[in-house]
Number of protein chains: 2
Amino acid sequence: MGNGLMSIGEAASQSGVPPKTIRYYEEIGLITPAERLENRYRAYDDNDVQTLRFIQRARSLGFSLKEVAALLSLYRDRRRASRDVKRLALAHVAELDRKIAEMKAIRNTIADLAARCHGDQRPECQILEELETPEPLRDGICRS
Amino acid sequence: MGNGLMSIGEAASQSGVPPKTIRYYEEIGLITPAERLENRYRAYDDNDVQTLRFIQRARSLGFSLKEVAALLSLYRDRRRASRDVKRLALAHVAELDRKIAEMKAIRNTIADLAARCHGDQRPECQILEELETPEPLRDGICRS
DNA sequence: CTTGACCTTCCAGTAGGTGGAAACCCTACA
DNA sequence: TGTAGGGTTTCCACCTACTGGAAGGTCAAG
């Protein structure tokens, strides 16, 4: 293909998004359906690869596909206000902060229990006892 | 039901596990199939509720259903060594630590980008620019 | 001419449920 | 007696974000 078009495999290796995933993104309408060659193979240009790379990076930063779709439409809109992009990013940060706090609390609860378990041959185990009948909550412990 | 048996709805409200989820747990074999009354309704006793509560707590601490199944079999085994329980708990703590670190790195990357975006009417946006063409990695930034 | 690496489609499965439909059961109330 | 409501039963579909595999088409090299 000397005309700036490439196969799905080439687009995959240039963007970091696997072929299967590219087809999936097309199927769910995240990207516009690729052109087809005579043999029905999908054909991509550098612009498509750019978009795929954009998606790949947004995903690696933990944005959901829905958020990626929003980012993409902002990305393509030359007139967008940066305010809208920032709002989306800050909402994501807030969500991450929430999840991190939750996981930390859970982590500490389990680490706490594990510290009180001898961890030897004997059957007595504070961990199972707590799961069976929990003690009253202490600070930093989250049970939703 | 005066005989210590209760319906799925009652078991649900006593354990905190919704009826649908109880049926689901039965379907996947996490709990043993409930007894049935003449009318084919499921019937639970206090022991079943205890088990459901155990599951509910383990789930709220982020254990996967597979891990919960392992905890349950340890829970039911009076001869188990507390070492085995502790190992499972500590593995979970390690996994949580990994995820927390990953999320923190991602969170900081996005917060960083957002700080460099004006967030006003203008279209220029550092966030989209970074997604389009990333700068070299700096410390604390994770891109998998 | 065959081999192997691509590509195509479709179907199924992952985790952990949730929502809804259609039908049955039981009780209370008019 | 009829009915309205709340439970319960089953089954099927949907959610996220893919991934694996099967069956078949295409193409270039040896």
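Chain identifiers are assigned alphabetically (A, B, ...) following the order of the sequence lines, protein sequences preceding nucleic acid strands; residue numbering begins at 1 within each chain. These numbers come from the heavy atoms of this one structure, side chains and all, not from hydrogens, waters or symmetry mates.
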How many Å lie between [atom1] on [X] and [atom2] on [N], as a whole number?
X	N	atom1	atom2	value
A:Glu10	C:dA5	CD	P	17 Å
B:Leu30	C:dG17	CG	C1'	13 Å
A:Glu27	D:dC18	CD	C1'	11 Å
A:Ile28	D:dT19	CD1	C1'	14 Å
B:Tyr44	D:dG7	OH	P	16 Å
A:Glu26	D:dC18	CD	P	15 Å
A:Ile55	D:dT16	CD1	P	16 Å
B:Gln56	C:dG17	CD	P	10 Å

Counting heavy atoms from C-beta on, name the nucleotide in [options] closest to the side chain of [X].
X	options	value
B:Thr21	C:dG16, C:dT18, D:dT19	C:dT18
A:Tyr41	C:dG20, D:dA17, C:dT8	C:dT8
A:Asn39	D:dT26, D:dT8, D:dT9	D:dT26
A:Arg40	D:dA17, C:dT8, D:dG20	C:dT8
B:Arg42	D:dT10, C:dC25, C:dG16	D:dT10

Problem set entry | Check: C:dG16 base within 3.5 Å donor-acceptor of B:Tyr25 side chain |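 Not at all, since no donor on one side and acceptor on the other fall under 3.5 Å apart.
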For this session: Please confirm whether any donor atom in the side chain of B:Lys66 sits under 3.5 Å from an acceptor in the base of C:dG16, or the reverse.
Result: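 For B:Lys66, whose side chain was compared with the base of C:dG16, there is no donor-acceptor pair (under 3.5 Å).
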Considering just the side-chain nitrogens and oxygens of [X], establish if one lies under 4.0 Å of OP1 or OP2 belonging to [N].
X	N	answer
B:Ser7	D:dT8	yes
A:Arg36	C:dC7	no
B:Arg23	D:dC11	no

For this session: Could you tell me whether A:Arg79 and A:Asp77 have a side-chain N and a carboxylate O separated by less than 4.0 Å?
Result: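 Looking at A:Asp77 together with A:Arg79, the answer is no, because their closest N to O distance does not fall below 4.0 Å.
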For this session: Can you sort out the partners of B:Glu129 under side chain to side chain donor-acceptor pair (under 3.5 Å), two or more places apart, ordered by chain and number?
Result: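 Once residues adjacent in sequence are excluded, B:Glu129 has no partner under the side chain to side chain donor-acceptor pair (under 3.5 Å) criterion.
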Exercise. Considering all heavy atoms of both residues, which atom of A:Ala58 and which atom of A:Leu71 are nearest to each other, and what is their separation?
Worked result: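 In this case the closest contact between A:Ala58 and A:Leu71 is CB-CD1, 4.3 Å.
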For this session: Determine whether A:Leu30 and A:Tyr75 fall in the same hydrophobic cluster, where Ile, Leu, Val, Met, Phe, Trp and Tyr are linked whenever their side-chain heavy atoms lie under 4.5 Å apart.
Result: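 Yes, same cluster.
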For this session: Give a yes-or-no answer on whether the side chains of B:Gln126 and B:Glu130 include a donor-acceptor pair shorter than 3.5 Å.
Result: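 Judged by distance alone, the side chains do not pair up.
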Problem set entry | A:Arg76 and A:Ser73, any side-chain heavy atoms less than 4.5 Å apart |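 With C-beta onward as the side chain, the pair stays apart.
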Exercise. Do A:Ile100 and B:Met103 come within less than 4.5 Å of each other through their side chains, counting heavy atoms only?
Worked result: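 The answer is yes, as the side chains (C-beta and beyond) meet within the 4.5 Å cut-off.
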For this session: Please say whether more than 12 non-hydrogen atoms of neighbouring residues, nucleotides or ligands are located less than 6.0 Å from CD in A:Glu132.
Result: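 Yes, because the 6.0 Å sphere around CD of A:Glu132 holds more than 12 heavy atoms from other groups.
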Problem set entry | Earlier contact from the 5' end, DNA chain C, for B:Lys20 and B:Tyr24 |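 Counting from the 5' end, the first nearest nucleotide belongs to B:Tyr24.
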For this session: Take the C1' atoms of the five end pairs on each side of the helix from C:dC1-D:dG30 to C:dA30-D:dT1, get both axes, and report the angle to 10 degrees.
Result: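 End axes: 30° apart.
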For this session: Pick base, sugar-phosphate or nothing for A:Ile8, based on heavy-atom distances below 4.0 Å to the nucleic acid.
Result: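 It contacts sugar-phosphate atoms only.
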